[in-house]
Each structure stands twice: as structure tokens, then as C-alpha cells.
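Structure first, commentary second.
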Amino acid sequence: MKKIACLLIFLGLCFCWQTTAQEPEQKEQIRLQIWSDLDPYPGSFDNSKETEKNPAADDEFHKIYGYAIENSKKIAPYLMAGMLEGFNFEYTPYDKKRRVDEFWTFSAIEKLNQKINKLEYKNPIVEDGKLISWVYCNRTAAQIRKFEAWTSIVHPRVKGKGSGKLEDGFEGIREACSNAAKSAVREYWRTLIKNKPKEISGRLLLIRNPRIYIRDGQYFVDLDFFLETDRIVSYSIY
């Protein structure tokens with residue numbers, strides 16, 4: 001029995017090690033994989049021009065894929081800001097009985113300053129009508145301490161899915177991220193609060209690599225966050 005118990009512990013440790021090894025270390029350097037459609041109207045691009053080479057320094061490549069490159073340069077800083085500093089949010093749930101409309105605001109705590117946090121785009125490939133690349137960003141010493149503070153305190157880990165308009169390009173992705181964050185906050189507190197609150201406010205830190213995809217003519221994103229709640233105001237308190 002002792003041998004079996006030891007074997008099970010060993011296998012469990014191996015499993016944990018493998019699971020951890022699959023997660024990239026984000027403490028000092030963040031690595032994200034992002035993609036952009038090659039054309040403002042997905043599906044209209046001539047896929048015969050696709051290549052799997054690394055043509056990042058090729059001027060002709062920039063001429064051909066200019067839209068995708070510029071769009072990637074909007075997506076990457078937005079997501080990096082969410083991983084470095086996080087987002088502020090305020091949420092008022094919809095309440096039919098009180099005739100209260102839903103209210104939600106979601107914004108980056110600080111926009112990415114690329115003089116401080118330079119982004120490096122590496123290994124771009126063109127595949128399936130998309131420009132796919134890896135983006136790297138080093139945290140400063142102060143940002144490392146902030147990240148350690150987020151991970152040292154027990155913050156609930158929440159996740160959400162959201163959608164945005166495909167025709168809006170980057171703005172559609174930003175809308176989808178906002179909706180995913182609202183879903184994450186709503187679903188977490190829905191299980192803990194019996195009566196709908198008047199207001200919830202706090203911060204979210206984006207963690208893990210976001211999953212962005214297209215379905216039914218819309219952008220969809222799956223996001224994971226650490227949640228820090230500043231305050232919850234109930235309708236019984238004024």
C-alpha cells in the first residue's frame with residue numbers, strides 16, 4: 001500500500017509539473033500570441049499570397065499586409081496594458097423591479113507607454129487569412145512588484161466570454177473584451193450575493209493568453225482575470 005501511495009504522489013507531482021510547465025512564466029516577461037485579419041472585410045483577401053516565412057523586415061510584406069500590421073499594433077498594446085496594470089470597472093446590474101438599467105464601464109488603468117514597455121513582435125506568419133505573431137514585453141521592477149502583490153494576495157480568479165462586432169475591427173475586439181470582463185464580474189458575484197447590489201466597483205488584472213476567434217459573424221474572446229473588488233453598495237445603504 002505504501003508503494004502504491006508513493007507512486008500516486010509521484011504521478012501527481014509529475015502531473016502538476018507538466019501543467020505548470022505548459023504555462024509560460026509571465027512574472028518578468030509577458031508573451032502573447034495575437035492575430036489580425038489580413039483585410040478589413042474577412043474572407044475577401046486572396047489567400048494564394050500566404051506564406052509561412054518570417055518576412056518581418058521585408059518592405060514588400062509591410063505593403064501587402066499593412067492593415068493587419070497596424071491592427072496588430074492596436075490589439076497588442078491594449079492587451080499588454082491589461083496584463084501590466086489591469087482595468088478599472090464599475091457595474092450596476094439590471095434590475096427590472098426597481099426599473100434600473102444595466103450600467104458598465106471598463107477602462108485600462110494606464111495606457112501602455114512603449115517608451116517604458118517596448119513591444120517586440122516576433123515570428124510573424126500568414127495563415128488562414130490571418131497575420132499571427134508573438135508579442136513580448138518586459139515588466140519593469142515596479143511592475144514585477146505589482147504582479148507579485150496580485151499573486152501573493154488571494155484574489156479570486158474569474159473568467160468570462162464576450163462578443164463584439166466583426167465589422168468594427170479593433171473596436172469590436174475591445175467591445176468583446178469589455179463584455180467578457182462584465183460577464184466575469186457578474187457571474188462571480190451572482191453566486192455570492194443573494195440580492196442584486198446597487199453597484200460593484202474594482203479592478204481586474206488580465207492573466208493568461210486571451211483566446212480571440214470569429215463565430216457567427218462576430219469576434220469572441222475568452223479572458224481570465226484576477227479580481228479585486230473595492231466596494232459593493234446595496235440598495236439598503238444610501
Side-chain angles (χ1 to χ4, degrees), residues 19-20 22-24 26-27 30-35 74-96 100-112 135 137 139 143 146-166 168 170-216 218-235:
T19 302
T20 304
Q22 291 172 357
E23 293 288 339
Q26 302 277 24
K27 178 180 174 181
I30 301 172
R31 186 183 77 153
L32 293 178
Q33 186 180 58
I34 64 167
W35 63 266
K74 294 177 183 177
I75 297 169
Y78 178 73
L79 296 175
M80 284 293 183
M83 298 192 78
L84 289 169
E85 302 293 340
F87 300 96
N88 289 317
F89 72 86
E90 290 186 12
Y91 179 47
T92 297
Y94 168 70
D95 195 316
K96 185 178 180 179
V100 175
D101 292 330
E102 184 181 67
F103 175 78
W104 168 259
T105 61
F106 180 72
S107 59
I109 294 174
E110 289 184 24
K111 291 185 177 181
L112 184 73
V135 187
C137 177
R139 296 183 195 265
Q143 289 166 344
K146 285 182 183 179
F147 182 73
E148 289 175 337
W150 273 96
T151 56
S152 62
I153 301 172
V154 181
H155 288 103
R157 187 168 178 166
V158 299
K159 61 175 57 180
K161 178 184 293 185
S163 63
K165 295 178 181 178
L166 183 62
D168 288 347
F170 165 66
E171 292 301 325
I173 292 176
R174 185 154 63 176
E175 178 188 11
C177 289
S178 177
N179 288 332
K182 179 174 66 175
S183 173
V185 172
R186 181 179 61 220
E187 293 306 314
Y188 176 76
W189 282 113
R190 179 180 286 176
T191 62
L192 299 178
I193 302 177
K194 183 177 180 180
N195 298 316
K196 290 182 180 179
K198 183 178 181 181
E199 181 185 325
I200 302 173
S201 61
R203 286 173 292 278
L204 290 162
L205 184 73
L206 182 62
I207 53 177
R208 294 173 59 101
N209 202 38
R211 182 171 174 245
I212 304 174
Y213 53 99
I214 296 174
R215 191 178 70 194
D216 299 328
Q218 289 187 305
Y219 285 118
F220 279 85
V221 298
D222 295 336
L223 301 180
D224 291 75
F225 302 96
F226 284 135
L227 169 64
E228 184 176 77
T229 303
D230 287 337
R231 65 173 186 163
I232 301 176
V233 181
S234 69
Y235 281 100

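Residue numbers run from 1 in the order of the sequence given.
Minimum heavy-atom separation, Ala176 to Val221: O-CG2, 3.3 Å. Scanning all heavy atoms of the two residues, the minimum distance from Ala81 to Glu110 falls at CB-O, 3.5 Å. Contact between Leu204 and Val185 at its shortest, heavy atoms only, is CD1-CG2, 4.0 Å. Closest approach of Ala184 to Gly160, counting heavy atoms only: CB-N, 3.9 Å. Scanning all heavy atoms of the two residues, the minimum distance from Leu84 to Cys137 falls at CD1-SG, 4.1 Å. Scanning all heavy atoms of the two residues, the minimum distance from Ala181 to Phe106 falls at CB-CE1, 3.4 Å.
A heavy-atom distance below 4.5 Å is not found between the side chains of Trp35 and Ile75. When side chains are defined from C-beta on, Phe89 counts as touching Ile200, because their heavy atoms get closer than 4.5 Å. The closest side-chain heavy-atom distance from Lys196 to Arg190 is not below 4.5 Å. In this structure the side chain of Arg139 reaches within 4.5 angstrom of the side chain of Gln26, judged on heavy atoms. A 4.5 Å side-chain heavy-atom check between Ser183 and Arg186 finds at least one atom pair inside the cut-off. For the pair Glu85 and Lys146, the minimum side-chain heavy-atom distance is below 4.5 Å. Lys159 has its side chain out of reach of Arg208: every pair of non-hydrogen atoms, C-beta onward, lies at least 4.5 Å apart. By the 4.5 Å heavy-atom criterion applied to side chains, Ile207 and Arg157 are counted as neighbours.
Atom CZ of Phe87 is separated from atom CD1 of Ile109 by 8.5 Å, given to the nearest 0.5 angstrom. Considering CD of Glu228 and CG of Asn88, their distance stands at 10.0 Å, rounded to 0.5 Å. From Ile214, atom CD1 reaches atom CG of Leu166 across 5.0 Å, with rounding to the nearest 0.5 Å. Of the inter-residue distances, the one linking Glu102 atom CD with Trp104 atom CH2 reads 9.0 Å to the nearest 0.5 angstrom. The distance from atom CG of Leu205 to atom CE of Met83, rounded to the nearest 0.5 Å, is 7.5 Å. Residue Asn209 holds its CG atom at 11.5 Å from CG of Asp222, rounded to the nearest 0.5 Å.
Between Arg203 and Asp230, at least one side-chain nitrogen of the basic residue sits less than 4.0 Å from a carboxylate oxygen of the acidic one, meeting the salt-bridge criterion. Ion pairing between Lys165 and Glu171 fails under the 4.0 Å rule for side-chain N and carboxylate O.
If you look at Tyr219 and Phe170, their ring centroids are not closer than 6.0 Å.
Cation-pi geometry between Arg211 and Tyr213 is met: under 6.0 angstrom from the ring centre, within 45 degrees of the axis.
In this structure a side-chain-to-backbone donor-acceptor pair under 3.5 Å is missing from Ser163 to Phe220.
Remark: Glu175 engages no residue in a salt bridge (charged side-chain N to carboxylate O under 4.0 Å, His left out) (not counting sequence neighbours).
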**Request:** List the steps and the verdict of side chain to side chain contact (heavy atoms under 4.5 Å, CB included) for Glu187 and Val158.
**Result:** CA-CA 9 Å; Glu187 293 306 314; Val158 299; over 6 Å; no
Exercise for the section: Would you sort out whether Leu223 and Cys177 count as a side chain to side chain contact (heavy atoms under 4.5 Å, CB included), showing the intermediate values? Expected result: CA-CA 7 Å; Leu223 301 180; Cys177 289; 3.9 Å; yes
Practice prompt. Given ring pair (Phe, Tyr, Trp, His ring centres under 6.0 Å), test Phe147 with Phe226 step by step and report yes or no.
Written response: CA-CA 11 Å; Phe147 182 73; Phe226 284 135; 7.4 Å; no
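The aromatic rings of Trp150 and His155 are tilted relative to each other, their planes meeting at an angle between 30° and 60°.
Annotation: ring pair (Phe, Tyr, Trp, His ring centres under 6.0 Å) contacts involving residues 188-212, sequence neighbours excluded, are absent.
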